[in-house]
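Letters go in sequence order (proteins before strands), and every chain restarts at 1.
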There are 2 protein chains.
Amino acid sequence: MSKQKNDEEKTYSISELASQLEISPRTIRFYEEKGLMSPNRTPGNQRIYTRKDRGRLKLILRGKRFGFSLDEIAEMIGISEADMNEIDQIEKSLHYGEKKLGEIRRRREELDLLEQDLLEIRDKLLKRLHTLTE
Amino acid sequence: MSKQKNDEEKTYSISELASQLEISPRTIRFYEEKGLMSPNRTPGNQRIYTRKDRGRLKLILRGKRFGFSLDEIAEMIGISEADMNEIDQIEKSLHYGEKKLGEIRRRREELDLLEQDLLEIRDKLLKRLHTLTE
DNA sequence: GTTATAGTTGACGTTAACGTAAAGGATAAG
DNA sequence: CTTATCCTTTACGTTAACGTCAACTATAAC
């Protein structure tokens, strides 16, 4: 009924994924504890991560690099798993999404400011260097 | 000898500054403990913050919003207070600055990716909403 | 001067985000 | 089948970044 391709999608073990993304396996398990992801298991109960899981994890790490807490990230992810049959739910998620998109745009402006701060410091250093070396 | 303007530069008390930047006084004192700033004091030992101190504080908060730790921020700030007589020091600071500028550019790319993630989620929700409401 | 308000320095408490170690089960290699 | 290398859960430890008193001092308003 659904687009069930072939079964040979690339998967990863926890430590593979961890070393790829330069984090520890414990960190990945921790995110799972927090409800940020829930990978499938082998018959022997070991975690297997699909390409999609990998994308999810990268999204989490990205959020972290912008100072979002895991709880906030959980919220962002949550909206992508909202009940797709409840119109109210979808609209609420949309609203939340717009809010976050706004935040991201503001972050971009702040990033510019941060860059300017560093550029100014650099200029100051460069000028001083020139007066010292000439 | 130096450009000593008039003395009436705008200053702030700790709680003024705190409410302006929407943080607690304790947070400001904590940053001082960590060596991130050192405001002047009144004769009665109370902190007075200049416009420059305020800028410094905003820089700190900006760094935080991009996931930098206080230690990293301290390093960034540190380079702006390097010994301006040691050529080696200045060059080292410059090098560090370039590194951080590179990081910022990479952050910008990541910000784009994060935005795309959210845009995709939004599209999914919008489409679903259309099929439900038509 | 008195009183209210805000500031000061400790010092201990709290929370998020993991690190680390123990005890045991799963899997791949030989 | 054995052995080495992974994986599992459980549980306690750690660190950064503050929060929250407490006891005291400064400053502003009256």
message: Less than 4.0 angstrom between a side-chain N/O of Arg47(A) and OP1 or OP2 of dT8(D), yes or no?
response: yes

- prompt: Does OP1 or OP2 of dA17(C) have a side-chain N or O of Lys64(A) closer than 4.0 Å?
  reply: no

task: Provide, to the nearest angstrom, the distance between the CD1 atom belonging to Ile28(B) and the P atom belonging to dC18(D).
output: 11 Å

- prompt: Would you say Tyr31(A) reaches dC18(C)'s phosphate, i.e. side-chain N/O to OP1/OP2 under 4.0 Å?
  reply: yes

message: Please pick, from dA11(C), dG25(C), dG19(C), the nucleotide with the shortest atom-to-atom distance to any side-chain atom of Gln46(A).
response: dG25(C)

d(CG, Leu36(B); C1', dA16(D)) in whole Å: 13 Å

message: On the nucleotide dG7(C), are OP1 or OP2 found under 4.0 Å from the side-chain N or O atoms that Ser13(B) carries?
response: yes

field: Residue Phe30(B), side-chain heavy atoms: nucleotide from dT20(D), dA6(C), dA17(D) that is nearest
entry: dA17(D)

- prompt: To the nearest angstrom, how far is Ile73(A) atom CD1 from dA16(C) atom P?
  reply: 14 Å

query: Does Ser24(B) put a side-chain nitrogen or oxygen below 4.0 Å from OP1 or OP2 of dC18(D)?
result: no

- prompt: With a 4.0 Å cut-off, would you call Glu115(A) and Arg122(A) a salt bridge?
  reply: no

task: Ignoring backbone atoms, test whether Arg41(A) places a side-chain nitrogen or oxygen under 4.0 Å from the OP1 or OP2 oxygen of dT9(D).
output: yes

message: If I take atom CZ in residue Arg29(B) and atom P in nucleotide dT20(D), what distance separates them, rounded to the nearest angstrom?
response: 14 Å

message: In this structure, how many angstroms lie between the C1' atom of dC18(D) and the CG atom of Leu70(B), rounded?
response: 9 Å

task: Taking only the side-chain heavy atoms of Thr42(A) (C-beta and beyond), determine which of dT27(C), dA17(D), dA11(D) contains the nearest atom.
output: dT27(C)

task: Starting at atom CD1 of Ile60(A), determine the distance to atom P of dA17(C), rounded to an integer number of angstrom.
output: 12 Å

